[in-house]
Amino acid sequence: MAAGMKDVATLAGVAVGTVSNVLNHPDLVRPQTRARVEAAMEQLGFIPNASARQLRAGRSRCLGLVVLDVTNPFFTEVARGVEDYAQAEGYAVILCNSDEAEDKEHQYLRVLEEQRVRGILITPVHGRAPTIKGIRERGTPVVLLDRPGPAGHCSVAVDDRRGGELAVAHLLALGHRRIALVNGPLAIRQCADRRRGAYEAVRKAGFNPAEVLLEIPVPAMNTRCGADACDQLRVSGLAAGSIPVDPALITGPTAIRGPAPTAAFCTNDLLALGLVRRLGQLGAQVPGDVAIVGYDDIDFAADSAVPLTSVRQPKYQLGQAAAELLLEEADRPAQHEHRRIVFTPELITRASSQPEPARPGAISTPRSAARVMPAPPV
Ligand code: RIB
């Protein structure tokens, strides 16, 4: 049977209350007494009961982090930023994967509240403002991550409209006038904002978005959907029949309205990497037949068979900033004021869009600029 506090107290020759103080208020215990108690814990293999302690304290030493897709390296790097900051503050992180599904997200939010986590960081599938408002009203701080927040909420995000504009302006500057927009569900705010930016880039260049952009919606933002999107394209090589095509590889409709795209903006790198892979299988050249731009600038982007041009997000910094906002509100409420932090994305050009062999990734500033705007009062 596992040793309890009474066993530790007996072996150390102190009261049970002293053992409790060593666990919860060590500064109240004389150093030599604390050493005796800790030695007894070590000898007995005593493990404190965190559930009991959090019942007494009312809160755990854990944060909840709910992301859209834990297999997406974007969220892995964001989670690393969260975990490094939380760990330095003495907190553990409970990572939850919503899989871009509202019901799964809802289940996790309920579990995290039941566990009395110190706070929740979430990239919500949809807006979810009412749910998050309720969690906050019941006493659990929430920070929106990778999502601009509504009034009265803390949030950390990247200016995705600017990011979408950077991607498409780059392709327009290279002379492309027919660009596929491979994008996830518009219910995901990042997808909607990147699309807005793409449209803004076309309009600013003096063209008609309906003529330049060929929208290719995908159900999820992963490599398989990126590959499947290829089958909806009739890239110039396929249209001209100049590229040998295995009909078995083209599973979706290949007939598309208007001229075939010579470029594609994929609203995250996994879509772009899947598209590059499928184009290679079809014998199409990147960027010769199709120039590709992705979004996130995950580590694999630079190491891809065709190094990927991508819109870089400050992933680690997003996580750090979100964790800092959350713990400031949770542990130092008197110093806290709700605010929205918005980072500026940057375009990193590589071989997948440049007609010439890529220059090494563009020299980027070591830290993406961020604008801090006070969240308007509730
Ligand atoms: O989860 C969808 C996308 O939104 C990710 O790839 C990342 O770009 C996030 O911002």
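Note that ligands are numbered from 1 as they come in the structure, with each ligand's atoms numbered from 1 the same way. When a residue number appears, it is its place in the shown sequence, counting from 1.
- Applying the side-chain hydrogen bond (donor to acceptor under 3.5 Å, both in side chains) rule to Arg332 yields no partners; only residues at least two apart in sequence or on another chain are considered.
- Each side-chain hydrogen bond (donor to acceptor under 3.5 Å, both in side chains) pair with one or both residues in residues 34-46, not counting sequence neighbours, would appear here, but there are none.
- For Glu100, there are no salt bridge (charged side-chain N to carboxylate O under 4.0 Å, His left out) partners at least two apart in sequence or on another chain.
- Near ligand 1, Leu68, Asn72, Phe74, Phe75, Asp146, Gln190, Arg194, Met221, Asn268, Asp296, Gln313 each place a heavy atom less than 4.0 angstrom from the ligand.
- With a 6.0 Å cutoff to the six-membered ring centre and a 45° limit on the axis angle, Arg118 does not count as a cation-pi contact of Tyr91.
- No donor-acceptor contact under 3.5 angstrom links the side chains of Gln107 and Arg110, judged on distance only.
- Between Glu200 and Arg196 there is no salt bridge, since none of the side-chain N atoms of the basic residue sits less than 4.0 Å from a carboxylate O of the acidic one.
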